[in-house]
Structure formats: C-alpha cells, structure tokens
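Let me begin by presenting the structure, written as structure tokens, before commenting on it.
All values below come from the heavy atoms of this structure, side chains included, with hydrogens, waters and symmetry mates left out. Just so you know, these numbers come straight off a predicted model, no measurement behind them. Counting begins at 1 with the first residue of the sequence.
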Amino acid sequence: MSAVKVFFSRSHLDLQDELQAWLQQSESEILDISMDSNEHGHCLVLLHEPGGSHRYTGQVFFSTGHTSLEEVANQAAVAARPDGQQHVAVGSNQYGHCLCIIREI
C-alpha cells in the first residue's frame, strides 16, 4: 500500500536535513516526488511504498536564479554517479527556486 510523506520548511537547509534524516531511517521505495513553494516556504511530498531494502540520498538546492541553480545541480549530479533511480522536483517563489533530487544508492 502506498503512503505519502510530507515535508515543509521555510528553509531549504532545514528541508534538506529533514529529508536526509527520513531517508536514512526509512525502508521504503520512492515512487514519485513533488514540490511546491510559496511565500511561507517549501512543501516536498514523497509518494512511497513502505518496506523493502531501497536506500536513497537526497539533496535540496536553492538559488535566486535558474541558471545558477542548473549549474549547482549539474555539478552535484556529476559528482554523485547514481546507481539507481532518480527523482526530481522543483518549486519556485518570489525568493528563488528550490530543487530536490533523490537518488537511489
């Protein structure tokens, strides 16, 4: 049975920490992710299937410009060399753009 995990934070750094902590302790298969941002913060939603032996790591990036966000995310992608499935979600607000990448390890 699928389940939803919702993260919300005003800070992309706090969102990164909360996501990484959950991924480290979770035994779930990530099926899909979505993100929405507004003036109150960033809301990240994971659709997952509890159970299993999948392991993931997540990164949250933030930038005021889309070009610099692309550069930072691409540098991290080259360094990561993922072995398995990847999921990407983005949200934007008046402060900038927030991008989340979850990779199977």
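Using a distance-only test at 3.5 Å, with no hydrogens or angles considered, no donor-acceptor pair links the side chain of Arg103 to the main chain of His87. The backbone N or O of His12 lies less than 3.5 Å from no partner atom in the side chain of Ser9, so there is not a single donor-acceptor pair. For the pair Asp14 (side chain) and Asp17 (backbone), a donor-acceptor distance under 3.5 Å is absent. Under the 3.5 Å distance criterion, the side-chain polar atoms of Arg55 are left unmatched by any main-chain donor or acceptor of Ile105.
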Legend entry - Test log, rule side chain to side chain donor-acceptor pair (under 3.5 Å), inputs His48 and Glu29: CA-CA 5 Å; His48 64 99; Glu29 178 181 1; over 6 Å; no

Legend entry - Audit row: Leu31, Ser2, side-chain contact (heavy atoms from CB on, under 4.5 Å) steps and yes/no: CA-CA 9 Å; Leu31 304 173; Ser2 296; 3.6 Å; yes

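Counting heavy-atom neighbours within 6.0 Å of Glu49 CD, excluding the residue itself, gives a total above 12.
Here the closest heavy-atom approach between residue Ala3 and residue Pro50 is recorded as CB-CG, 4.1 Å. Nearest approach of Ala73 to Leu99, heavy atoms of both residues: CB-CD2, 3.4 Å.
When side chains are defined from C-beta on, Gln59 counts as touching Gln16, because their heavy atoms get closer than 4.5 Å. Val72 has its side chain out of reach of Ser63: every pair of non-hydrogen atoms, C-beta onward, lies at least 4.5 Å apart. A heavy-atom distance below 4.5 Å is found between the side chains of Asn93 and His42. You'll find the side chain of Phe8 stays beyond 4.5 Å of the side chain of Glu18, heavy atoms only.
Connectivity analysis of hydrophobic side chains (ILVMFWY, heavy atoms under 4.5 Å, direct or indirect) links Ile33 to Phe7, Leu15, Leu19, Trp22, Leu23, Ile30, Met35, Leu44, Leu46, Tyr56, Val60, Ile102.
Results of the side chain to side chain donor-acceptor pair (under 3.5 Å) test with His97 over Ser68, Ser92, Ser37 single out Ser92 as the only residue that passes.
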